[in-house]
Amino acid sequence: MKVEILPALTDNYMYLIIDEETKQAAIVDPVQPQKVLDAARKHGVKLTTVLTTHHHWDHAGGNEKLVKMAPGLQVYGGDSRVGALTQRVSHLMSFQVGSLNVKCLATPCHTSGHICYFVTKPNSSETPAVFTGDTLFVAGCGKFFEGTPDEMYRALIDILGRLPPETKVYCGHEYTINNLKFARHVEPNNAAIQQKLSWAKAKYDSGEPTIPSTIGEEFTYNPFMRVRETAVQQHARERDPIRTMGAIRKEKDAFRVPKD
């Protein structure tokens with residue numbers, strides 16, 4: 001499995017997932033269709049599948065145009081609001097892209113129909129990948145537009161958090177530096193946050209993405225995946241992980257990001 005990161009709009013990411021065995025490919029959230037087709041052509045692959053994480057315009061807004069430009073695509077999503085949808089999916093449903101296995105993980109909260117896609121190559125030692133849209137970001141999570149702290153807890157801890165720790169996380173936006181500045185505010189003594197922030201600033205300054213992280217890494221510096229940790233609960237003045245989730249999300253929604 002090869003993943004080509006395709007930056008889009010101002011801070012979005014699209015991902016071309018290539019099955020090197022069959023030269024078939026899927027695209028995650030193709031908001032800029034021409035860029036997607038150019039990348040598929042460059043790699044000499046046949047685009048068969050669209051994986052839509054959620055219905056928001058900056059993720060699903062290119063679907064209608066892409067299917068006109070490349071007829072016959074299968075368009076997967078978990079929400080009837082997704083444009084050009086051919087297959088509505090639900091939790092734990094799975095399908096193939098070439099020899100790759102794609103498992104759908106329902107993570108409602110940012111939107112009620114949000115799906116993350118867990119991609120593996122069966123019977124191989126290849127590292128799995130998960131495409132998390134606006135549910136899980138590097139060191140952050142999406143706003144709770146259509147859901148509750150309880151739902152985000154389930155998404156991050158019970159569903160994504162139980163994937164193998166080495167799973168690579170490919171998220172929907174380049175929000176890493178600002179997320180880590182909030183993480184530092186929540187846990188000023190966490191060395192993993194300081195190190196990741198220095199690393200992310202260097203990557204950003206050289207024009208490179210800060211993607212992917214791993215599930216295991218996220219548990220070391222992402223406050224929303226650390227809501228069971230005493231330091232995060234003390235910051236939130238809560239003792240319950242779900243109440244902590246709600247408190248820090250509310251705080252982040254109003255957080256003024258420092259310059260440094």
Side-chain angles (χ1 to χ4, degrees), residues 1-7 13-30 35-54 59 66 70 72-78 86-107 114-138 155-172 176 196 199 203 208-222 225:
M1 169 179 19
K2 181 179 163 83
V3 178
E4 172 94 352
I5 301 173
L6 302 175
Y13 286 120
M14 313 181 290
Y15 299 104
L16 186 67
I17 307 167
I18 298 170
D19 174 36
E20 290 165 296
E21 191 179 311
T22 63
K23 295 288 187 228
Q24 289 186 28
I27 186 69
V28 179
D29 292 348
K35 192 168 189 176
V36 170
L37 295 176
D38 290 346
R41 197 171 299 120
K42 182 185 94 174
H43 288 282
V45 295
K46 180 177 170 52
L47 189 64
T48 62
T49 307
V50 174
L51 305 177
T52 311
T53 60
H54 63 297
H59 298 264
L66 182 62
L73 292 174
Q74 284 289 315
V75 180
Y76 292 88
T86 63
Q87 179 67 56
R88 186 161 175 184
V89 300
S90 53
H91 190 51
L92 302 184
M93 193 173 147
S94 63
F95 53 89
Q96 304 292 125
V97 173
S99 69
L100 303 177
N101 189 64
V102 181
K103 185 190 277 186
C104 304
L105 304 175
T107 55
H114 197 296
I115 300 284
C116 297
Y117 296 95
F118 179 60
V119 184
T120 54
K121 184 160 171 67
N123 309 313
S124 86
S125 59
E126 285 192 37
T127 308
V130 66
F131 298 84
T132 58
D134 289 2
T135 292
L136 170 62
F137 297 121
V138 181
L156 297 182
I157 308 299
D158 295 339
I159 296 174
L160 296 172
R162 288 183 179 159
L163 296 176
E166 70 275 15
T167 302
K168 291 178 180 175
V169 176
Y170 293 92
C171 61
T176 304
K196 188 73 174 179
W199 173 88
K203 291 289 268 189
E208 293 177 67
T210 62
I211 315 300
S213 61
T214 68
I215 292 291
E217 265 184 40
E218 292 295 333
F219 277 117
T220 70
Y221 51 62
N222 186 329
M225 291 191 73

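Computed from a predicted structure; not experimentally measured. The figures that follow rest on heavy atoms only: side chains count, while hydrogens, waters and symmetry mates do not.
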Quick one: closest heavy-atom pair of [X] and [Y], and the distance?
X	Y	answer
Pro7	Tyr13	CA-CD2, 3.9 Å
Ala129	Tyr170	CB-CE1, 3.8 Å
Gln96	Asn101	OE1-OD1, 2.9 Å
Gly98	Thr22	CA-OG1, 3.4 Å
Thr214	Glu166	CG2-O, 3.9 Å
Pro122	Ser99	CD-O, 3.4 Å

Output, in order, the C-alpha distance, side-chain angles, deciding distance and verdict of side-chain contact (heavy atoms from CB on, under 4.5 Å) for Lys168 and Val3. CA-CA 10 Å; Lys168 291 178 180 175; Val3 178; over 6 Å; no

Taking the side chain as every heavy atom from C-beta outward, state whether [X] and [Y] have any atom pair closer than 4.5 Å.
X	Y	value
Ile115	Tyr76	no
Met225	Leu136	yes
Leu16	Ile27	yes
His91	Ile159	yes
Thr53	Asp134	no
Tyr15	Ile5	yes
Asp19	Lys2	no
Thr48	Val97	yes

Could you grab the distance from atom [atom1] of [X] to atom [atom2] of [Y], nearest 0.5 Å is fine?
X	Y	atom1	atom2	result
Cys116	Phe131	SG	CZ	11.0 Å
Thr86	Leu73	OG1	CG	8.5 Å
Thr210	Phe137	OG1	CZ	11.5 Å
Ile18	Gln24	CD1	CD	12.0 Å
Thr176	Tyr221	OG1	OH	8.0 Å
Thr107	Asp158	OG1	CG	12.5 Å

Apply side-chain hydrogen bond (donor to acceptor under 3.5 Å, both in side chains) to Arg41 and list each qualifying residue two or more places apart in sequence or on a separate chain.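 Arg41 satisfies side-chain hydrogen bond (donor to acceptor under 3.5 Å, both in side chains) with Asp38 once adjacent residues are dropped.
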
Assess whether side-chain contact (heavy atoms from CB on, under 4.5 Å) is satisfied between Ile157 and Phe219, documenting all intermediate values. CA-CA 9 Å; Ile157 308 299; Phe219 277 117; 4.3 Å; yes

Given Leu51 and Ile17, is the side-chain contact (heavy atoms from CB on, under 4.5 Å) satisfied, shown in steps? CA-CA 10 Å; Leu51 305 177; Ile17 307 167; 3.9 Å; yes

Verify the neighbour count for atom NZ of Lys121: are there more than 12 heavy atoms of other residues, nucleotides or ligands below 6.0 Å?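 Correct, the count exceeds 12.
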
Can you confirm whether more than 12 heavy atoms, excluding those of Lys35, are under 6.0 Å from its NZ atom?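 More than 12 heavy atoms, drawn from other residues, nucleotides or ligands, come within 6.0 Å of this atom.
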
Go through the steps to decide whether Leu163 and Phe118 satisfy the test side-chain contact (heavy atoms from CB on, under 4.5 Å), and finish with yes or no. CA-CA 9 Å; Leu163 296 176; Phe118 179 60; 3.9 Å; yes

Would you please say whether a donor-acceptor pair under 3.5 Å links the side chains of Ser213 and Glu218? yes

